[in-house]
> 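Next up is a structure, given as structure tokens.
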Amino acid sequence: MSTLKNKVQLIGNVGNSPEITNLESGKKVAKFSMATNEFYKNSEGEKQQDTQWHNIVAWGKIAEIVEKYVGKGKEVALEGRLTSRSYETKEGEKRYVTEVVIDEILLLGIKGEDNATE
């Protein structure tokens with residue numbers, strides 16, 4: 001059990017066009033939301049869908065891939081780690097955010113499909 005680590009694997013659909021930021025250091029960061037769906041049957045036997053939204057962050061080369069190929073609605077598989085941070089709003093309220101910082105991304109969907117950002 002000592003080899004367990006902070007690791008997240010998700011397959012889902014991109015919720016918005018990625019927001020790309022070029023930092024002064026020359027590094028690039030991409031941020032987008034992603035929806036994952038789980039299907040189950042309720043007590044009446046009716047099919048139900050539960051959608052969870054995730055905040056995704058990509059740095060460097062992965063951010064460049066996201067910028068070039070990932071758009072709203074695109075199905076992707078990714079692997080990364082959970083990170084949490086807090087910040088203060090202009091009104092002085094403290095907010096907490098949990099994000100998935102990705103190390104790998106795999107573009108899914110139909111072969112030959114247009115991968116351009118919408």
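Not measured: the values here are computed from a predicted model.
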> Answer yes when K41 and E46 have at least one side-chain N-carboxylate O distance shorter than 4.0 Å, and no when they do not.
no

> Judged by atom type as modelled, is there a donor-acceptor pair below 3.5 Å linking the side chain of K94 to the main-chain atoms of T89?
no

> Rounded at 0.5 Å granularity, tell me how far CD in E79 sits from CD1 in I62.
10.5 Å

> Could you work out, with side-chain hydrogen bond (donor to acceptor under 3.5 Å, both in side chains) as the rule, every residue matching N37, not counting sequence neighbours?
Q49, T51

> Determine, for R85 against E99, whether the closest basic-nitrogen to carboxylate-oxygen distance falls under 4.0 angstrom.
yes

> Using side-chain contact (heavy atoms from CB on, under 4.5 Å), reason through I20 and V29 one step at a time and then give a plain yes or no.
CA-CA 6 Å; I20 309 298; V29 62; over 6 Å; no

> Answer yes or no: does atom CD of E91 have more than 12 heavy-atom neighbours from other residues, nucleotides or ligands under 6.0 Å?
yes

> Hey, what do you get for OG1 (T21) to CD (E67), rounding to the nearest 0.5 Å?
10.0 Å

> What's the separation between atom OH in Y96 and atom OG in S84, rounded to the nearest 0.5 Å?
10.5 Å

> If you compare all heavy atoms of A63 against all heavy atoms of A58, which two are closest, and at what distance to 0.1 Å?
CB-O, 3.5 Å

> Evaluate side-chain contact (heavy atoms from CB on, under 4.5 Å) for L23 paired with K28, printing each intermediate quantity in order.
CA-CA 6 Å; L23 304 176; K28 193 171 279 197; over 6 Å; no

> For residues G15 and W53, report the shortest heavy-atom separation together with the two atoms involved.
CA-CZ3, 3.6 Å

> With side-chain contact (heavy atoms from CB on, under 4.5 Å) as the test, would you mind laying out the steps for I105 and V66 before giving the verdict?
CA-CA 8 Å; I105 189 166; V66 168; 4.1 Å; yes

> Any non-hydrogen side-chain atom of V100 less than 4.5 Å from a side-chain atom of V57?
no

> With rounding to the nearest 0.5 Å, note down the distance linking CD1 in I56 to OG in S33.
8.5 Å

> Among Ile, Leu, Val, Met, Phe, Trp and Tyr joined by side-chain contacts under 4.5 Å, find the other residues sharing a cluster with V97 and list them by chain and number.
Y87

> Under 4.5 Å between side-chain heavy atoms, hopping through other hydrophobics if needed: is there a path connecting V76 to Y69?
yes

> Using only atom types and a distance under 3.5 Å, with no angle test, would you say the side chain of D50 pairs donor to acceptor with the backbone of E38?
no

> By side-chain hydrogen bond (donor to acceptor under 3.5 Å, both in side chains), which residues pair with E64, not counting sequence neighbours?
none

> Atom CG of residue position L82 - does it have more than 12 heavy atoms of other residues, nucleotides or ligands inside 6.0 Å?
yes

> Same hydrophobic cluster for L78 and V8, using side-chain heavy-atom links shorter than 4.5 Å among ILVMFWY?
yes

> State the NZ-OG distance between K74 and S17, to the nearest 0.5 angstrom.
13.5 Å

> Would you give the length of the straight line joining atom CD of Q48 to atom CZ of F39, rounded to the nearest 0.5 angstrom?
11.0 Å

> Assess whether side-chain contact (heavy atoms from CB on, under 4.5 Å) is satisfied between M34 and V14, documenting all intermediate values.
CA-CA 4 Å; M34 180 177 170; V14 177; 5.6 Å; no

> Tell me yes or no: between the side chains of H54 and T36, is some donor less than 3.5 Å from an acceptor?
yes

